[in-house]
Amino acid sequence: MTQPKLGVLALQGAFREHRQRLEALGVTVKEVRLPADLHGLSGLILPGGESTTMARLMTDYALWRPVRDFYSRGGAIWGTCAGAILLARDIQGAPPQFGVQDSLSLMDIRVRRNAFGRQVDSFTAPLTVTGLKNPFPAVFIRAPVIESVGEGVEPLAQHEGQVVLARQGRLMASSFHPELTPDPRLHELFLALVDQTVLTGV
Ligand SMILES: NC(=O)CC[C@H](N)C(=O)O
């Protein structure tokens, strides 16, 4: 078995589906629950799920600092749906009773939670993605939108005029769930990003 280069944060949410997508591409995957699980990885996926719950578990498992350090050392991170919320510098639309929502604050984006409506408003839409020839079938489930992006952030796809996929160097954020469709192209895109990463001081 080869040493895994890719990890999926496995505290809550759709981590198994990401794992399956990556394994179908021949990639060995590490499920990340503890800081030590990050050792030796060059890419990490933060899955969709429920971002408040995931943030709480990140605190319980003391993962905030190790994930930030992983990025500082040169690791690539892709946040999908709730995972994109965890990456964002600014989170809007969190239920007020929970106070200010913790985030990694690594990506210069402002996200708005549940921007397309409630669970019943889940939908699939064909997305035109920069760099992909044909539309990508994107599954949105109580999805956030990326309301604004900083200078270093490149929007890669929009839905109804709102940014739903963006990249900032080694960081990617998508509002939707690419692991819930058999289309592997966004996982391939992230793998290409991971292949370019040069880790320092690991
Ligand atoms: N599918 C998802 O990941 C939904 C995200 C969820 N609405 C949140 O704000 O955390």
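No experiment lies behind these values; they were computed from the predicted model shown.
Residues Arg113 and Thr52 bring a donor and an acceptor atom of their side chains to less than 3.5 Å of each other. Side-chain contact, His159 with Ser175: no donor N or O sits under 3.5 Å from an acceptor N or O.
In this structure, Val145 and Val163 have side chains that are not in contact, with every pair of non-hydrogen atoms separated by 4.5 Å or more. You'll find the side chain of Pro47 stays beyond 4.5 Å of the side chain of Glu17, heavy atoms only. In this structure, the side chains of Phe116 and Glu160 come closer than 4.5 Å at one or more pairs of heavy atoms. Counting heavy atoms from C-beta on, the side chains of Leu189 and Trp78 never come closer than 4.5 Å. Using a 4.5 Å cut-off on side-chain heavy atoms (C-beta onward), Ser103 and Leu86 make no contact. In this structure, Phe15 and Gln20 have side chains that are not in contact, with every pair of non-hydrogen atoms separated by 4.5 Å or more. Within the 4.5 Å cutoff, the side chain of Leu25 has heavy atoms near those of the Pro184 side chain. Inter-residue side-chain proximity for Leu165 and Leu186 is flagged as met; some heavy-atom pair is nearer than 4.5 Å.
Judged by distance alone, with hydrogens and angles left aside, the side-chain atoms of Gln12 form a donor-acceptor pair with the main-chain N or O of Glu50 at under 3.5 Å. Within the 3.5 Å criterion, the main-chain N or O of Leu104 finds a donor-acceptor partner in the side chain of Arg68. Within the 3.5 Å criterion, the main-chain N or O of Ile141 finds no donor-acceptor partner in the side chain of Ser122. The backbone N or O of Gly48 lies less than 3.5 Å from a partner atom in the side chain of Thr80, making a donor-acceptor pair.
Thr59 pairs by the side-chain hydrogen bond (donor to acceptor under 3.5 Å, both in side chains) definition with Trp64, not counting sequence neighbours. Applying the side-chain hydrogen bond (donor to acceptor under 3.5 Å, both in side chains) criterion to Gln158, with sequence neighbours excluded, gives no partner residue.
Rounded to the nearest 0.5 Å, atoms CG (Leu46) and CE (Met172) are 11.5 Å apart. Atom CG in Leu11 sits 7.5 Å away from atom CE in Met54 (nearest 0.5 Å). Ser174 OG to Leu156 CG: the interatomic distance, rounded to the nearest 0.5 Å, is 10.0 Å. From Phe140, atom CZ reaches atom CZ of Phe176 across 6.0 Å, with rounding to the nearest 0.5 Å. Put simply, CG on Leu63 and CG on Leu38 are 6.5 Å apart, with the number rounded to the nearest 0.5 Å. Between Met58 atom CE and Leu9 atom CG the span is 6.0 Å, to the nearest 0.5 Å.
Taking every heavy atom of both residues into account, Asp90 and Arg110 meet most closely at OD2-CD, 3.1 Å. Between Gly49 and Ala82, the closest heavy-atom pair is N-CB, 3.4 Å. Closest heavy-atom contact between Gln101 and Ser51: NE2-OG, 2.9 Å. Nearest heavy-atom pair across Asp102 and Ile91 is O-CD1, 4.0 Å. Of all non-hydrogen atoms in Pro178 and Phe136, the two that sit nearest each other are CB-CZ, 3.9 Å. Taking each heavy atom of Glu179 and Ala14 in turn, the nearest pair found is OE2-CB, 3.3 Å.
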>> Run Phe123 and Val139 through side chain to side chain contact (heavy atoms under 4.5 Å, CB included) and show every step you take.
In response: CA-CA 6 Å; Phe123 58 94; Val139 177; over 6 Å; no
>> With side chain to side chain contact (heavy atoms under 4.5 Å, CB included) as the criterion, how do Val111 and Gln92 come out once you've worked through the C-alpha distance, each side chain's angles and the decisive distance to 0.1 Å?
In response: CA-CA 6 Å; Val111 296; Gln92 298 293 316; over 6 Å; no
>> Assess the residue pair Arg170 and Gln196 against the criterion (side-chain hydrogen bond (donor to acceptor under 3.5 Å, both in side chains)); give the C-alpha distance rounded to whole Å, side-chain angles, the decisive distance to 0.1 Å, and a yes or no.
In response: CA-CA 9 Å; Arg170 309 187 304 277; Gln196 290 162 20; over 6 Å; no
> Can you check side chain to side chain contact (heavy atoms under 4.5 Å, CB included) on Lys30 and Leu6, steps first, answer last?
Replying inline: CA-CA 6 Å; Lys30 175 93 184 165; Leu6 250 290; over 6 Å; no
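At a threshold of 4.0 Å, the pair Glu23-Arg19 counts as salt-bridged, since one of the basic side-chain nitrogens sits closer than that to a carboxylate oxygen. A salt bridge links Arg65 to Asp69: one of the charged nitrogens lies within less than 4.0 Å of a carboxylate oxygen. Between Glu154 and Arg167, no side-chain nitrogen of the basic residue sits less than 4.0 Å from a carboxylate oxygen of the acidic one, so the salt-bridge criterion is not met. Checked for salt-bridge contact, Arg112 and Glu147 meet the test: a charged N lies under 4.0 Å from a carboxylate O.
Of the candidates Asp195, Leu44, Ile45, Ile45 is the only one forming a side-chain contact (heavy atoms from CB on, under 4.5 Å) with Phe190.
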